[in-house]
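FYI, side chains are in, hydrogens and waters are out, and symmetry mates aren't considered; it's all heavy atoms of this structure. The chain is numbered in sequence order, starting from 1.
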Amino acid sequence: MSILIVTSGEYKGRYVGQQCSGPRVNPVLNQNPEMPVFGTGYSLFIQEKFAFHFEIDSNAVAVQTGLRKCHVDTKVVHF
């Protein structure tokens with residue numbers, strides 16, 4: 001399994017996860033809301049528990065490539 005972590009810019013250190021409905025549905029996001037990456041279906045989260053877990057590394061690389069086109073640099077972290 002692997003996750004993506006932002007490596008540059010103002011959101012460095014955030015985790016990549018699927019966009020969710022925000023604080024109305026998940027009150028944990030009130031203090032640290034997700035930052036949507038428009039056009040991707042993904043958001044950047046401070047909390048690791050919102051990170052998307054990729055079962056297949058090629059899927060993580062495909063998302064990483066899409067995020068790079070939106071000027072979001074990430075690294076793949078395996079665990």
Legend entry - Criterion side-chain contact (heavy atoms from CB on, under 4.5 Å) on Ile3 and Tyr15, from CA distance to verdict: CA-CA 8 Å; Ile3 60 174; Tyr15 301 92; 3.9 Å; yes
Legend entry - Minimum heavy-atom distance between His78 and Asp57, given as atom pair plus value: NE2-OD2, 3.1 Å
Inset, instruction - Quick one: pull up OG in Ser8 and CZ in Arg68 and give me the separation to the nearest 0.5 Å. - result: 10.0 Å
Legend entry - Heavy-atom closest contact (Phe54 atom, Val63 atom, distance): CE2-CG2, 3.7 Å
Inset, instruction - Please answer whether the main-chain N or O of Leu4 pairs with a side-chain N or O of Gln64 as donor and acceptor at a distance below 3.5 Å. - result: no
Legend entry - Atom of Val37, atom of Thr40 and distance for their closest heavy-atom approach: O-OG1, 2.6 Å
Legend entry - Heavy-atom check, side chain of Arg14 versus side chain of Ile5, under 4.5 Å: no
Legend entry - Shared hydrophobic cluster, Val76 / Phe50 (ILVMFWY, side-chain heavy atoms < 4.5 Å): no
Legend entry - Spatial distance of atom CD (Glu48) from atom NE2 (His53) [nearest 0.5 Å]: 6.5 Å
Legend entry - Considering all heavy atoms, the nearest Pro36-Ser43 contact: CA-OG, 3.3 Å
Inset, instruction - Would you check, one step at a time, whether the test side-chain contact (heavy atoms from CB on, under 4.5 Å) holds for Val16 with Leu44? - result: CA-CA 5 Å; Val16 176; Leu44 310 177; 3.9 Å; yes
Legend entry - Joint cluster assignment, Ile46 & Met35, ILVMFWY side-chain distance < 4.5 Å: no
Legend entry - Expected output: side-chain Gln18 to main-chain Tyr42 donor-acceptor under 3.5 Å: no
Inset, instruction - Heavy atoms only: give me the nearest Met1-Glu55 pair and the separation to one decimal. - result: CE-OE2, 3.4 Å
